[in-house]
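This report concerns only the one structure given below.
Below, chain A is the first sequence line, B the second, and so on; all start at residue 1.
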2 protein chains.
Amino acid sequence: MNQKPTLKVLAEKLQLSTSTVSKALKDSAEISIETKVRVKELAKLMGYRPNTAAASLRNRETRTIAVVLPEIVNDFFGQVLMGIEEEASQHNYKIVICISNESYVKERDYVEMFSNGAVDGFIIAASMETQELNQYDHYNDILNSGLKLVMFDRVIDDLDCDKIIVDDAASGSRLVDFLKKKGDRSLCVASTISKLSVGQLREQGIKLKVDNCPDLKLEYVLEDDDQLFMQKMEKTLKANKTDAIIALDQRSGIMALNKTKELNIKVPEELQIICYSNSTMAKYSYPQLTVVDQHSKELGKKTFTRIFNLMKNKDEVQVTRIHTLKTTLLERGTTRK
Amino acid sequence: MNQKPTLKVLAEKLQLSTSTVSKALKDSAEISIETKVRVKELAKLMGYRPNTAAASLRNRETRTIAVVLPEIVNDFFGQVLMGIEEEASQHNYKIVICISNESYVKERDYVEMFSNGAVDGFIIAASMETQELNQYDHYNDILNSGLKLVMFDRVIDDLDCDKIIVDDAASGSRLVDFLKKKGDRSLCVASTISKLSVGQLREQGIKLKVDNCPDLKLEYVLEDDDQLFMQKMEKTLKANKTDAIIALDQRSGIMALNKTKELNIKVPEELQIICYSNSTMAKYSYPQLTVVDQHSKELGKKTFTRIFNLMKNKDEVQVTRIHTLKTTLLERGTTRK
DNA sequence: TTGAAAGCGCTAACAT
DNA sequence: ATGTTAGCGCTTTCAA
């Protein structure tokens, strides 16, 4: 259990002052080349690592971001987190993780807990409860205390902060076009996330498009609960008019697919299914689900990059504060060629 | 953007010294009731939150744990993380997350990065590469520098540290018993994780049991790559002798199930499938996969509790350093009643 | 080119 | 019961 070397220790061994050592390690122009070399050699030899607490205290920055997620057992958020984490570690930032579990109170508590200078900023996707209650004073608190905030995916429209989202409404419209071209006329929107902003946007995009096409028809299976969802889906499919299902989330997509198996409906010949979110579940379903790829990891990277820039160019005026990523359709086994 | 109040600010407003204020907030017995009340009131009013960097520096503890995971888009690790995080936030600990991506180098870099006093300890599940290379000096470095280390699930046998695991070998044996009672004789072990300690243990447990039952037969489909796995599985199933598949991980389980659909094999009537890991994928497969539930969230909680105790009872001698959790079989649609 | 000194916010041993 | 003081490890201004 060898002692952690500090600047002081290095300085003593080298017969220098701590300030010289500090500057040398930072490649300050004030210091001679020889000294720098000497210092760095010993630092390396002794495995010197600066004490982050001391640096934070002194520099008033923690190089830490709190990431608040509604859930973590969820491929979308997992992939986003991967992107955030990858980018963060590249920039020598730490990520502390907070799981709100879709609860407003937990989310608020986390924000409060870390607003004391424990982190430099927050990356947040709002919990379901927060979106339902539309209660977001805690986000304002973040901004008011001078910390940075970037929201992604599940954002608050009325809040004036940086946001990274995907083209939910537009993608909905595109899906309708895609299915229409394949000859489908009777579409069904399936969702277990009608409470979420993203779910609503996707619905709106789809509806808008369908309303503009007199020959298209639209049904809905919107239901949170698995059991009820399956019942409604069964009723809809048994009516035998549906040509295609657009599932707004992975759960509804996989449940719809399972229901077609129960009812012996041939997919994609008799019915096409498209599903939001490029999840592992969709990849390993049988047949593989055609999905809307949100490029979640990229989304995570963009999100970190944004907050990073906010922290660096402190006073720069942001022109666009909402960044919209384009989704793409990944055609697989539940849609026809 | 109101200023963050410090002890000094509170002290000035109250005409007290910072040490009195500090003690009052900590409910020290030295301080009078009235003063405590006065201090706490103002602290609350002004929204005082102690500066964690300063406290860390002074107390030599960060109340932060680094959690190093091989991947995050994985229900098992996600559930474990949930457990860790839940327990941690209960004890006012922060969790910084590190994703090794199954890479030895990334894992080692993370450990080095946080071994400077940025965290009080590490919770680690070894990356695949680390297990293959059996290279774990970086774990020893953690221990040597006086930091705490608890491994879970993917552990290093030769390393003398605290470990939380599940009864992988024993559970394998139990599964064989279970299938045997159902009348199955020809079993097949499927796995995409033969490189991992957990995969090997499960294999061993199964083999041991089968070897002790002269009437049982055992085949293997061990293959990392999805394509190759599917090919081998097809060959095995077409031979038409297999009564049951024990899949050692969720991917092999779902792929096996998909192959039975391709080949029109009736599950569970003609073939039973049991699969390790209670994943979302297994829950939403059709039919629902019978799984070995590892109680992953509990595992995460236990893991945090262990490292927490290590940090608190600093000198207490640990009697058992390996904690084994019992798995349970969750009978669902791919096994017969 | 190097060093001395102050201070970030907090705690605790040691006065008073 | 309250206050004084020193110091955790680092950075940075100012002086030498």
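- Between B/Gln131 and B/Ala126, the shortest heavy-atom contact is CG-CB, 3.8 Å.
- With respect to the salt-bridge test (charged N to carboxylate O, under 4.0 angstrom), the residues B/Glu61 and B/Arg63 qualify.
- B/Leu147 contributes atom CG, which lies 10.5 Å from atom CG of B/Asp141 (distance to the nearest 0.5 angstrom).
- A sub-4.0 Å separation between OP1 or OP2 of C/dG9 and a side-chain N or O of B/Arg49 is absent.
- Among the protein residues, B/Ser56 comes within range of no part of the nucleic acid, since none of its heavy atoms lies under 4.0 Å from any strand.
- Between the C1' atom of C/dT11 and the CG atom of B/Leu57 lies a distance of 11 Å, rounded to the nearest Å.
- Comparing A/Ala54 and B/Ile31, the nucleotide of DNA chain D nearest to each residue sits closer to the 5' end for B/Ile31.
- Residues from residues 37-45 of chain A placing a heavy atom under 4.0 Å of any atom in DNA chain D do not occur.
- The distance between atom CD of A/Glu34 and atom C1' of C/dT2, rounded to the nearest whole Å, is 13 Å.
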Collect all protein-nucleotide pairs involving nucleotides 14-16 of chain C in which both atoms are nitrogen or oxygen and the distance is under 3.5 Å.
none

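- Atom-to-atom, NZ of A/Lys8 to P of C/dA4 comes out at 13 Å; the value is rounded to the nearest Å.
- In this model, a donor atom of one side chain and an acceptor atom of the other lie less than 3.5 Å apart for B/Thr20 and B/Ser17.
- More than 12 heavy atoms of other residues, nucleotides or ligands lie within 6.0 Å of CG in A/Leu133, so this atom counts as buried by the packing criterion.
- Listed by chain and number, the residues in a side chain to side chain donor-acceptor pair (under 3.5 Å) with A/Asp27 are A/Lys40 (sequence neighbours excluded).
- Residue B/Arg63 contributes atom CZ, which lies 15 Å from atom C1' of C/dT11 at whole-angstrom precision.
- Taking the centre of each ring, A/Tyr104 and A/His138 come in below the 6.0 Å mark.
- What separates CZ of B/Arg58 from P of C/dG7 is a distance of 19 Å, to the nearest Å.
- Distance, B/Arg60 CZ to C/dG9 P: 19 Å, rounded to whole Å.
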So A/Phe304 and A/Tyr93, ring-ring contact (aromatic ring centres under 6.0 Å, His included) or not? Walk me through it. CA-CA 10 Å; A/Phe304 181 84; A/Tyr93 265 73; 5.7 Å; yes
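- With rounding to the nearest 0.5 Å, the separation of NZ in B/Lys312 from NZ in B/Lys148 is 11.0 Å.
- Judged as a salt bridge (charged side-chain N to carboxylate O under 4.0 Å, His left out), the pairs with a partner in residues 82-104 of chain B (not counting sequence neighbours) are, in order, B/Glu86-B/Lys297, B/Glu86-B/Lys301, B/Glu87-B/Lys301, B/Glu102-B/Arg154.
- Considering A/Val67, A/Leu69, A/Ile97, A/Thr305 in turn, A/Val67 is the only one that fulfils the side chain to side chain contact (heavy atoms under 4.5 Å, CB included) rule with A/Ile84.
- Residue contacts shown for A/Ala24 are absent, as no nucleic acid heavy atom lies under 4.0 Å away.
- Between A/Glu61 atom CD and C/dC8 atom P there is a gap of 18 Å when expressed in whole angstrom units.
- Ion pair A/Asp160/A/Arg321 flagged as a salt bridge, since at least one NZ, NE, NH1 or NH2 atom sits closer than 4.0 Å to an Asp/Glu carboxylate oxygen.
- First and last contacting nucleotides of DNA chain D toward chain B (any atom under 4.0 angstrom from a heavy atom, 5' to 3' order): D/dA1 to D/dG9.
- Residues from residues 12-22 of chain B that place a heavy atom under 4.0 Å from any atom of DNA chain C, listed by number: B/Ser19, B/Ser22.
- Side-chain contact between B/Leu149 and B/Met151 is present, with at least one heavy-atom pair separated by less than 4.5 Å.
- Checked against B/Thr62 for a side chain to side chain contact (heavy atoms under 4.5 Å, CB included), the options B/Leu57, B/Asp120, B/Thr52 give a single hit: B/Asp120.
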